[in-house]
Amino acid sequence: MKLTFVALSLAGLAFVAQAQTAAPAAATASAPAPAASPAPAAEAKPAKARTAQNNRMSECSAEFKATGKEGKERQAFMKTCLSTKAADGKKARNEKMTQCSADFKATGKEGKERKAFMSECLKG
């Protein structure tokens, strides 16, 4: 299941990268657009923010390129790399939760205030 997800994610990233590099070339090759009214701002889609998964995939891909290995080994490398980075992120989150919980207990506040305290603590 994870392997299928990784494969689909990589295929999606490759498609997006190809579309981004092909679009400017196509735009310069076509005739200039007529000077019509500008497109409404509502139609413009804002760029999506990169997720943690996107960042991990980029980091792992860069690490793989640095090794100089062939493409056949990439899938196994990416699987190992992504699972390691995900585990590191979960570990850091758990450590932060533990620290915030200990800080809350030290304040001596009631349980009603815990949710707000933990939310603020985890943001920072």
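Worth saying up front: this structure is predicted, and the values here are computed from it rather than measured. Throughout, numbering of the chain's residues begins at 1 and tracks the sequence.
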How many angstroms lie between [atom1] in [X] and [atom2] in [Y], if you round to the nearest 0.5 Å?
{"X": "Phe104", "Y": "Glu110", "atom1": "CZ", "atom2": "CD", "result": "8.0 Å"}
{"X": "Lys69", "Y": "Glu63", "atom1": "NZ", "atom2": "CD", "result": "11.0 Å"}
{"X": "Arg93", "Y": "Met97", "atom1": "CZ", "atom2": "CE", "result": "6.0 Å"}
{"X": "Met118", "Y": "Asp103", "atom1": "CE", "atom2": "CG", "result": "9.0 Å"}
{"X": "Lys79", "Y": "Cys60", "atom1": "NZ", "atom2": "SG", "result": "13.5 Å"}

Quiz item: Are the side chain of Thr80 and the backbone of Ala76 linked by a donor-acceptor contact shorter than 3.5 Å?
Solution: yes

Quiz item: Donor-acceptor pair, Thr98 side chain versus Asn94 backbone, under 3.5 Å?
Solution: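 Yes.
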
Quiz prompt | Pairwise side-chain contact, Ser101 with Arg114, heavy-atom cut-off 4.5 Å (strictly under) | solution =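 A side-chain contact under 4.5 Å exists here.
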
Quiz item: Which pair of non-hydrogen atoms, one from Met78 and one from Met57, has the smallest distance, and what is that distance?
Solution: CE-O, 3.8 Å

Practice problem: Would you name the heavy atoms of Lys96 and Cys121 that are closest together and state the gap between them? | Solution: CE-O, 3.2 Å

Quiz item: Just checking, any donor-acceptor pair under 3.5 angstrom between side chains of Asn55 and Glu59?
Solution: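 Checked: Asn55/Glu59 side chains show no N/O donor-acceptor pair below 3.5 Å.
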
